[in-house]
Every structure is written in C-alpha cells, then in structure tokens.
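Worth saying up front: this structure is predicted, and the values here are computed from it rather than measured. Lettering of chains follows the sequences in order, A, B, ..., and the numbering in each one begins at 1.
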2 protein chains.
Amino acid sequence: MPRDLRLSRMLHVLIHMDRHVERATSEQISRMIATNPVVVRRMMAGMRDRGVVMSEKGHGGGWQLTRSLDKISLRDVYEGVGAPPLFNIGPEAELSFCLVEQAVDRRLDTTLKDAETRLLAQFDTITVEDVAEDFEQQLKTTERGTSCSAGSGPT
Amino acid sequence: MPRDLRLSRMLHVLIHMDRHVERATSEQISRMIATNPVVVRRMMAGMRDRGVVMSEKGHGGGWQLTRSLDKISLRDVYEGVGAPPLFNIGPEAELSFCLVEQAVDRRLDTTLKDAETRLLAQFDTITVEDVAEDFEQQLKTTERGTSCSAGSGPT
DNA sequence: TTTCATGCAACAAGCAAAGTTTCATGTCTT
DNA sequence: AAGACATGAAACTTTGCTTGTTGCATGAAA
C-alpha cells in the first residue's frame, strides 16, 4: 500500500548490522533487502550524514554502526532516509486565489500537521533496539533461526 | 507534496455546491477545481454511493447535495472519494520470511495503524460545515467576494 | 598495479493518481 | 420523433515519485 519503503528497509538493515554482521558492504546489505547496492548507498548516505553509520572505501571497506541501537530512534532513521512525506493525501501545494479552497487547505493542513507531529513524537519514543528485541522475542518463540541475509546470491 | 488530491478537491466542491450553485453539472464543477468533467464524475460517483449527493441525467441534470454540510463529516468525504491510503510510508505489502523484517513490519504497521485510527477519529469530529464557516469567516475579514467558480471558461 | 569498495551522476522501469478520449444511456425540449 | 444535454463507463495517455540500473571517478588495501 505505501510507496516509500526506505524507513522499513533501513530498520531492517540496522538490526542485521547490529546483530549479525558488524561491518557490511553495500553488496551484502543489498541482498538483505533484495535490492541493488546503489539503492543501499543512496539510503545509507543520509544515515551517515546524521552520524548513525560510517563508511569506509577501498578493500575491506563497507558500512558500520557508530552507536548502539538503543541510541537510535525511529525518528533518527526516518530523517536519515530523507524524511519523506508521511501522508499520501492533502491539499495541492500551490495556494489558490479561491477563498473556499484556501479554507479547505488550511483546515486540512493543520489537521495533517497535527497528526504528523503526534506520529513523529511517537517515532521519538521508539528505538531500533526496541524493534530488535521484538525480533529476538519472536526468535525464541519459533525456535527457527530464520534470517534473510544468509547465503542466497543475487540473480 | 501529497499525491492524492481527492479529499481536498471534494471538500472544495461540496462547499461551493452548498453555498453557491445548488445544482451543478460535472462541467461546471470541473471548472471550480480546474480539471476535467470525467475526473469529477469519477470522484462524485463514490459520494453518490454513500448518499451524500445525487445525480440526474439528461437536460437540466447534474449534481446536488442530499444533506446539509453539518451532516457530512470529513470521514464521510474521505470514504466517499475511495478511502485512499493515508500514508506514504510503511512496510512492503507481502510478508517476508525474514524474522527481522517481520518484526520491523509489525512494529511499523501497528504504529501507523494507531496514527490512522486517531486521524480518522479526528475526521469524524469535523464537518464540512465547519470548513465552510472558516471560509465565511475569512470572507468577512477580507471583504472581497473572491471565489473560483465565477466566469472563467476552459482552455 | 590490481582489486575492492564507496561516491556520484544519469537514465530506465514501475506504479498510482490525474487527465483525456470515446461511446452508450437516459432525459428534457421542441 | 428528433435534437440537445447530461451522466456512466471503459480504455488509454500523461505525470510525478520511488526504485532499479548502468557507468565512471575516487580512494584504500593487498
């Protein structure tokens, strides 16, 4: 249903990096989320700019976390991946000369801004570690050590 | 910024219909929101199915409100235009075999569903009449009777 | 110097809403 | 009955944004 997968994918990646691989190349990461290394670099660049991960070039290089997951909030990740628009609905960008449309736009705008503020506040309260623990809880229950990054090559 | 304009546009149309035109053809309505008559019919069809407006074919036909604006909530309009996805972000639709991704998806899903519930509840509390009164308040302040449906022909 | 990695730019593909064209159906007027 | 006017519905095109892909430059280790 949604169109922007970056937040979801980045969370997925960060947890794998913390729990399973420590340092990973874009190539390896791209296999975790079934995509292309370039897409990974594009996403990771924003995280690096925010100081959540670091990258090293050259032989033996790759990506690495710079803090533990309990110091990374969903908000950090959301902004790291470029703070894409939260909502799919809303008024047109350019304001109209029609006072009716202006009133509609104002009302819709404030209502959505309110919802956005509340949701981002929620994002502030959730750490990636919280989500990682959800994962481990489930792992304990099912007994299978199923993870996605294992083995399977590209193409 | 948003991609789905139907809620915004429909509100705009309903207020004009109540305050200015009473009965309007798709052609006239399409001029209000600067679009095509077919786009209007597509949007209005859902509103008709929900009993908010009625349509009549043939000479002298067109669209008409079946209730006053204070009996139409934003929620009604949102659902009338097809209840498009509220959010632009979120997890992939198909569930993964990777337990990490599953945990991420669950967490994101519940968080967004929560926000969705709150926003729709907010939509329940706002009537189109409320928005129409915003418009008239503004009208009183600026003294200009500016509206969009006046005069200007297509192309 | 070769190999492996990121960095960056440009372009193609996929998807959903919006826009458009065309024709059928129904209704009022003359 | 004929003509004008309106919705109804289907098919297709356009648009905007994310994602996917290719190519090349840059930097670091072997």
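Side-chain contact between A/Glu133 and A/Ile15 is absent, with no heavy-atom pair separated by less than 4.5 Å.
Residue-level contact check: B/Arg23 touches neither bases nor backbone, having no heavy atom under 4.0 Å from any strand.
Within the 4.0 Å cut-off from OP1 or OP2 of D/dG20, not a single side-chain nitrogen or oxygen of A/Arg6 is found.
The two residues A/Pro85 and B/Ile89 make their nearest non-hydrogen contact at O-CG2, 3.8 Å.
Here C/dA18 presents its C1' atom at 13 Å from CG of A/Asn88, a figure rounded to the nearest Å. When the P atom of C/dA18 is taken as reference, atom CD1 of B/Ile29 falls 16 Å away, rounded to whole Å. What separates CG of A/Leu7 from P of D/dT19 is a distance of 11 Å, to the nearest Å. One can place CD of A/Glu27 at 12 Å from P of C/dC4, the figure rounded to the nearest angstrom. The CG-P distance, from A/Asn36 to D/dG23, rounds to 12 Å in whole Å. Note: CE (A/Met54) to C1' (C/dG7) measures 16 Å, nearest angstrom.
Of the candidates C/dA18, C/dT21, D/dG20, the closest approach to any side-chain atom of B/Asp4 belongs to C/dA18. Distances were taken from every side-chain heavy atom of A/Arg42 (C-beta onward) to each of C/dC8, D/dA11, D/dT21; the shortest belongs to D/dT21. For B/Ser55, whose side chain is taken as the heavy atoms from C-beta onward, the closest listed nucleotide among C/dA17, D/dG20, D/dT7 is D/dT7. Checking D/dA10, D/dT21, C/dT6 against the side-chain heavy atoms of A/Arg48 singles out C/dT6 as nearest.
For residues 52-62 of chain B, the side-chain hydrogen bond (donor to acceptor under 3.5 Å, both in side chains) pairs, not counting sequence neighbours, are B/Arg23-B/Glu56.
For the side chain to side chain contact (heavy atoms under 4.5 Å, CB included) test, residues two or more places apart in sequence or in another chain that qualify with A/Asp114 are A/Arg118. Applying the side chain to side chain contact (heavy atoms under 4.5 Å, CB included) criterion to A/Thr111, with sequence neighbours excluded, gives A/Arg107, B/Leu119, B/Gln122, B/Phe123, B/Ile126. For B/Lys113, the side chain to side chain contact (heavy atoms under 4.5 Å, CB included) partners are B/Asp109, not counting sequence neighbours.
Nucleotide D/dG8 is matched to C/dC23 when pairs are restricted to Watson-Crick or G-U wobble geometry with both distances under 3.5 angstrom.
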Distance-only criterion, 3.5 Å: show the donor-acceptor pairs between side-chain atoms of residues 37-53 of chain A and protein atoms not counting sequence neighbours.
from: A/Arg41; atom 1: NE; to: A/Ser26; atom 2: OG; distance (Å): 3.4
from: A/Arg50; atom 1: NH1; to: A/Glu79; atom 2: OE1; distance (Å): 3.3
from: A/Arg50; atom 1: NH2; to: A/Glu79; atom 2: OE1; distance (Å): 3.1

Pairs under 3.5 Å (N/O, protein and nucleotides 1-6 of chain D):
from: D/dA6; atom 1: O4'; to: B/Gly58; atom 2: O; distance (Å): 3.1

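Comparing B/Val38 and B/Met43 along DNA chain C, the residue whose closest nucleotide (by nearest heavy atom) sits nearer the 5' end is B/Met43.
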